[in-house]
Amino acid sequence: MDQENHPEEEKKETKQSKFNKLQEQVDESIREQWAEEQNQLKESLIEEDKFEWYIPHKDDGPYNEEKENEGLEPLEFIGAVDISYSKTDSQKACAALVVLSYPSFDVLYEDYEIDTTEYPYIPGFLAFKEIPSLTILFNRLKEKSPEFWPQVLLVDGNGILHNRGFGAASHIGVVMDIPSIGVGKTVFAVDGITQKGVKEMSQEKLLKGGDLEYLTGKSGKHWGAALRSTDESKNPIIISVGHRICLDTAIAVVRACITKYRIPEPIRQADKRSRVWVQKTYDNFDQHHKKKKGVAKKKDDPSPED
DNA sequence: GCGACAG
DNA sequence: ATCTTGTCGC
């Protein structure tokens with residue numbers, strides 16, 4: 001009859017072929033070229049602090065004075081980028097660049113750009129999908145509102161926690177020549193570090209009262225850190241060095257950007273605003289209908305609504 | 001060969 | 001990334 005004999009096998013194949021198909025959308029030679037470009041740009045990567053600001057203490061104190069005497073400026077402009085996709089057409093997307101004040105987290109600057117990239121997301125090559133629209137956004141910022149140029153940039157995705165040690169946060173940091181930090185929501189498995197392993201470590205730390213776990217690979221390299229950013233968080237966020245910053249400073253910046261949500265506020269804003277923008281642009285945002293149903297919201301980890 | 005796979 | 005569904009809390 002027309003009954004299938006190997007339903008399980010089929011399911012497995014579909015899963016696998018789905019991934020393969022995605023990969024095939026980008027020619028093998030292009031992927032090799034991309035990997036080469038990553039390795040080349042990586043030579044310009046700086047994994048230590050190279051900037052002239054400091055994170056001010058909430059209350060003006062001796063620390064702040066000391067830093068100012070060293071010729072440093074207080075951290076005041078924090079940037080973040082994110083890209084959202086149309087739910088009806090994954091090729092249609094919108095990139096956002098926002099700049100928030102520190103420590104008040106007001107959105108000082110926001111700009112959006114339609115993503116014209118035809119490439120799909122391929123693990124290990126996220127930056128190539130995002131760079132075209134982000135380049136436009138940064139050029140526009142530099143040209144029209146240079147006073148808002150961020151002192152540090154948060155990128156959702158990874159920095160050096162990457163199979164070639166050069167993830168999107170590093171890529172963007174090097175290309176734009178800006179200190180950058182990678183903040184991921186899940187782990188990109190590399191050097192023996194896995195999602196499952198990190199989760200377990202994170203749980204153990206929690207029992208001991210800790211909220212931070214360095215991610216050390218089998219090779220002994222420190223790839224980043226897992227931070228349980230709020231008490232309610234079930235999963236940690238994954239921090240890694242992007243560019244022109246060291247891991248501990250990156251962690252300090254991310255910590256400073258946590259308000260009451262798991263995701264650092266600048267990234268949250270970029271995420272949220274790009275989502276609204278993509279709906280407006282592509283998904284026929286109809287005033288009449290949205291009133292009834294409400295727009296699909298993305299849940300934040302802890303619940304307060306804003 | 002097998003499993004894994006940021007957004 | 002996006003979709004679902006359900007649950008808790010204000």
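Here is how names work: the chains are called A, B, and so on, in the same order as the sequence lines, proteins then strands, and each is numbered from 1.
- Of all nucleotides listed (C:dT2, B:dG7, B:dC5), C:dT2 comes nearest to the side chain of A:S84.
- Contact annotation: A:K87 side-chain N/O to C:dA1 OP1/OP2 distance is not under 4.0 Å.
- With rounding to whole Å, A:I131 atom CD1 is found 17 Å from B:dG7 atom P.
- Partner of A:Y54 under the side-chain hydrogen bond (donor to acceptor under 3.5 Å, both in side chains) criterion, out of A:E66, A:K67, A:E68, A:E70: A:E68 alone.
- Between the NZ atom of A:K260 and the P atom of C:dG9 there is a distance of 17 Å, given to the nearest Å.
- Looking only at atom types and distance, the side chain of A:E36 has no donor-acceptor partner in the side chain of A:Q40 under 3.5 Å away.
- Side-chain proximity of A:A189 to B:dA4, C:dA1, B:dA6: nearest is B:dA4.
- Between the side chain of A:E48 and the backbone N or O of A:I245 there is no donor-acceptor pair closer than 3.5 Å.
- The residue A:D156 sits close only to the backbone: its heavy atoms come under 4.0 Å of sugar-phosphate atoms, none of a base.
- Among the atoms of the strands shown, none is found under 4.0 Å from any heavy atom of A:V190.
- What separates CG of A:D191 from P of B:dA4 is a distance of 17 Å, to the nearest Å.
- At a threshold of 4.0 angstrom between heavy atoms, the contacts of A:T194 with the nucleic acid are absent.
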Test side-chain hydrogen bond (donor to acceptor under 3.5 Å, both in side chains) applied to A:E37 and A:Q33, step by step: CA-CA 6 Å; A:E37 192 173 336; A:Q33 188 186 309; 5.1 Å; no

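- Among the protein residues, A:G124 comes within range of the nucleic acid bases, having at least one heavy atom under 4.0 Å from a base atom.
- Applying the 4.0 Å criterion to OP1 and OP2 of C:dT2, one finds that A:S86 has every side-chain N and O outside that range.
- Alongside A:M201, the hydrophobic cluster contains A:L161, A:V187, A:V190, A:I193, A:V198, A:L215, A:W223, A:I238 (criterion: ILVMFWY side chains under 4.5 Å).
- Between A:F125 atom CZ and B:dC5 atom C1' the separation is 12 Å, expressed in whole Å.
- Helical stems of DNA chain C (runs of at least 3 Watson-Crick or G-U pairs, donor-acceptor distances under 3.5 Å) are absent.
- As judged by a 4.0 angstrom heavy-atom cut-off over every strand, A:A168 is placed among the base-contacting residues.
- Regarding A:F188, its CZ atom lies at a distance of 18 Å from the P atom of B:dG3, rounded to whole Å.
- Residue contacts for A:G167: at a heavy-atom cut-off of 4.0 Å it reaches a base atom on one of the strands shown.
- The separation between A:N158 atom CG and C:dA1 atom P is 12 Å, rounded to whole Å.
- Atoms NZ (A:K129) and P (B:dC5) sit 20 Å apart, rounded to a whole Å.
- For A:Y63 and A:E65, the side-chain atoms include no donor-acceptor pair closer than 3.5 Å.
- Under 3.5 Å, the side chains of A:D248 and A:Y214 contain a donor-acceptor pair of N or O atoms.
- The aromatic rings of A:Y102 and A:F105 lie perpendicular to each other, with more than 60° between the two planes, well past the 30° mark.
- The side-chain ring of A:Y85 is not stacked on the base of C:dA1, judged by centre separation under 5.5 angstrom and plane angle under 30 degrees.
- Atom-to-atom, CD1 of A:I237 to P of B:dG7 comes out at 12 Å; the value is rounded to the nearest Å.
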